[in-house]
Amino acid sequence: PEPKQKLHERDFVHGLKSGTTFPLVEFMTMKQYPSAERVAVFYGQCAALAKLFLKLGAADKALHFLEESEADGAAVALRDVYGIKRPEALDTMWRREVTGPGDSKVAATISPLMPLSAPLAVLAP
């Protein structure tokens with residue numbers, strides 16, 4: 001529901017500003033839930049990443065990504081399913097998805113790459 005999504009978005013933005021978000025590679029390979037004090041930001045990150053994956057392609061593409069991640073690892077799945085050759089590009093994209101380009105406090109903590117609307121091939125090294 002929309003109100004729940006807004007809470008997750010708030011928690012994610014708060015985590016970005018406070019520096020309590022998880023590095024993308026760690027986040028995508030977690031095998032268990034984080035400590036209680038980081039659960040809210042964890043769910044915020046989950047929601048932001050899911051939203052981004054749905055923007056990048058249909059739900060079945062996201063499911064294919066999850067399956068390939070389990071089999072071959074997240075970096076390989078990003079490359080094969082979405083054409084994203086550097087996990088850092090995805091990290092910047094999903095942070096911008098929630099914060100937008102106008103949040104200077106958060107923008108200062110992430111490296112500026114391309115906006116989400118940029119062709120994915122441009123993001124490759």
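Just so it is clear, the model here is predicted, and its values are computed rather than measured.
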A.B. asks: Check the hydrophobic clustering (I, L, V, M, F, W, Y; side-chain heavy atoms under 4.5 Å; chains of links allowed) and say if Phe53 and Met30 are grouped together.
C.D. replies: yes

A.B. asks: Determine the minimum heavy-atom distance between Ala47 and His8, stating which atoms define it.
C.D. replies: CB-CB, 3.8 Å

A.B. asks: To the nearest 0.5 Å, how far apart are CD in Glu9 and CD in Glu2?
C.D. replies: 8.5 Å

A.B. asks: Once ring-ring contact (aromatic ring centres under 6.0 Å, His included) is applied, do any residues pair with Phe27, and if so which ones, sequence neighbours excluded?
C.D. replies: Phe42

A.B. asks: Apply the test side-chain contact (heavy atoms from CB on, under 4.5 Å) to residues Val81 and Leu56: give CA-CA distance (whole Å), side-chain angles for both, the deciding distance (0.1 Å), then the verdict.
C.D. replies: CA-CA 10 Å; Val81 176; Leu56 293 174; over 6 Å; no

A.B. asks: Starting at CG of Leu49, measure out to CG of Leu54 and round the result to the nearest 0.5 Å.
C.D. replies: 10.0 Å

A.B. asks: Over all heavy atoms of both residues, which pair between Val41 and Asp11 is shortest? Give the atoms and the distance, please.
C.D. replies: CG2-O, 3.8 Å

A.B. asks: Report the residues that fulfil salt bridge (charged side-chain N to carboxylate O under 4.0 Å, His left out) with Glu37, sequence neighbours left out, ordered by chain and then residue number.
C.D. replies: none

A.B. asks: Hydrophobic clustering (ILVMFWY, side-chain heavy atoms < 4.5 Å, transitive) - are Val76 and Leu78 grouped together?
C.D. replies: no

A.B. asks: Within this structure, what is the CZ-CD1 distance for the pair Phe65 and Ile84, rounded to the nearest 0.5 Å?
C.D. replies: 8.5 Å

A.B. asks: Report yes or no: does Arg38 contribute a side-chain atom to a donor-acceptor pair with the main-chain N or O of Thr21 at less than 3.5 Å?
C.D. replies: yes

A.B. asks: Say whether, by atom type as modelled, one donor and one acceptor occur between the side chain of Gln45 and the main chain of Phe22 under 3.5 angstrom.
C.D. replies: yes

A.B. asks: Pro1: which residues meet the side chain to side chain contact (heavy atoms under 4.5 Å, CB included) condition with it, sequence neighbours left out?
C.D. replies: Pro3, Lys4

A.B. asks: More than 12 heavy atoms of other residues, nucleotides or ligands under 6.0 Å from CD of Glu70: yes or no?
C.D. replies: no

A.B. asks: Which heavy atom of Ser69 sits nearest to which heavy atom of Ala74, and what is that distance?
C.D. replies: OG-CA, 3.7 Å

A.B. asks: According to a hydrophobic-cluster definition based on side-chain heavy atoms being under 4.5 Å apart (Ile, Leu, Val, Met, Phe, Trp, Tyr only), do Leu7 and Val39 belong together?
C.D. replies: no

A.B. asks: Just how far is it from atom CG of Asp80 to atom NZ of Lys85, taken to the nearest 0.5 Å?
C.D. replies: 10.5 Å

